[in-house]
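What follows is one structure encoded as structure tokens, with my remarks underneath.
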Amino acid sequence: MANTQNKKNRREQILQALAHMLETSPGQRITTAKLAGAVGVSEAALYRHFPSKAKMFEGLIDFIEETLFSRVNLILQEEKDCSLRLRYIIQLLLGFAERNPGITRLLNGDALQGEHERLLVRINQLFDRLETQLKQVMRERRLREGEGLAEDESALANLLLAYVEGRINQYVRSQFRLKPSQHFDSHWSLLHRQLALA
């Protein structure tokens, strides 16, 4: 049991070191040699926990998915108002990016250039799931309240996701100086009117 716990702790340590390197080494390719040095183990020790660097990135993507979708589910359980659900989900996405700058480089694909193609596929699937979730929130409003939106739900969900992705890209491009949450209240006021949810 202790050995299993130690293995889990080492895996988490490796993923934390990888996330930290993504944050502090923008534009640089992360090698397993550099990562092993940051963790304080040999490259062989890294490969005992992860068979490849792609699997390490997948470990971070798993963390992103588990964190975001478990919190989205909490929002949906606790809040029934469509407008507030959308606001809280968008705030969640922006806040997550802001608190995890290194991981945000995975979300915008910056850190995945030159890596295995399946990693970009996973990120694309993550955003597809988020867009579907936003669309579902809007559709449930129509079913629950018998009142639809002025615009097409698919287009509106895409607009909201494009806003999130734009803020994430600005955050990475500014080397984490331009916070995704900056001006959110003003931005949401504009988006809210576009959604005709007032």
Worksheet entry | Salt bridge Glu153-Arg139, side-chain N to carboxylate O under 4.0 Å | yes
Worksheet item: Atom CD of Glu78 and atom CG of Asn73: how far apart are they, to the nearest 0.5 Å?
Response: 11.0 Å
Practice prompt. Provide the closest heavy-atom pair for Ala111 versus Leu106 in the form atom of the first, atom of the second, distance.
Written response: CB-CD2, 4.1 Å
Worksheet entry | Spacing of Ile89 atom CD1 and Leu161 atom CG [to the nearest 0.5 Å] | 11.0 Å
Worksheet item: Do the rings of Tyr163 and Phe184 sit parallel, tilted or perpendicular, given the 30° and 60° boundaries?
Response: tilted
Worksheet item: What closest approach, in Å, do Leu94 and Arg167 show between heavy atoms, and which atom pair accounts for it?
Response: CD2-CB, 3.7 Å
Response to the item:
Taken to the nearest 0.5 Å, the spacing of Ile61 CD1 from Leu119 CG works out to 5.0 Å
Fill in: NZ/NE/NH1/NH2 to OD/OE distance under 4.0 Å, Lys80 and Glu140
no
Discussion item. Check this for me, if you would: do Asp185 and Arg87 make a salt bridge, where the nitrogen-to-carboxylate-oxygen distance has to be below 4.0 angstrom?
Written reply: yes
Worksheet entry | Least distance between heavy atoms, Tyr47 atom then Ser52 atom | CE2-CA, 3.9 Å
Item to complete: To the nearest 0.5 angstrom, please state how far the CD1 atom of Ile30 sits from the CE atom of Met21.
Response: 5.0 Å
Practice prompt. Scan residues 124-134 for pairs that pass side chain to side chain donor-acceptor pair (under 3.5 Å), counting only residues two or more places apart or in two chains.
Written response: Glu131-Asn158
Item to complete: Decide side chain to side chain donor-acceptor pair (under 3.5 Å) for Gln170 and Arg173; before the verdict, give the C-alpha distance in whole Å, the side-chain angles of both, and the deciding distance to 0.1 Å.
Response: CA-CA 5 Å; Gln170 287 178 341; Arg173 193 179 67 239; 5.7 Å; no
Worksheet item: What distance separates Leu134 CG from Ser154 OG, expressed to the nearest 0.5 Å?
Response: 11.0 Å
Discussion item. Going by ring pair (Phe, Tyr, Trp, His ring centres under 6.0 Å), name the residues that satisfy it together with Phe57, two or more places apart in sequence or in a different chain.
Written reply: none
Item to complete: State which residue, out of Thr67, Val72, Leu130, Val164, fulfils the side-chain contact (heavy atoms from CB on, under 4.5 Å) condition with Leu92.
Response: Val72
Worksheet item: Hey, does Leu107 have a side-chain heavy atom less than 4.5 Å from the side chain of Val172?
Response: no
Worksheet item: Looking at Glu115, Glu58, His116, which one forms a side chain to side chain donor-acceptor pair (under 3.5 Å) with Lys53?
Response: Glu115
Discussion item. Rounded at 0.5 Å granularity, tell me how far CD1 in Ile168 sits from CZ in Arg105.
Written reply: 14.0 Å
Worksheet item: Does a salt bridge link Lys55 with Asp62, judged by any charged N lying under 4.0 Å from a carboxylate O?
Response: no
Discussion item. Do Phe50 and Leu46 have side chains that approach each other closer than 4.5 Å (heavy atoms only, starting at C-beta)?
Written reply: no
Worksheet item: If you take all heavy atoms of Ala54 and Arg118, which pair is closest and at what distance?
Response: CB-NH2, 3.5 Å
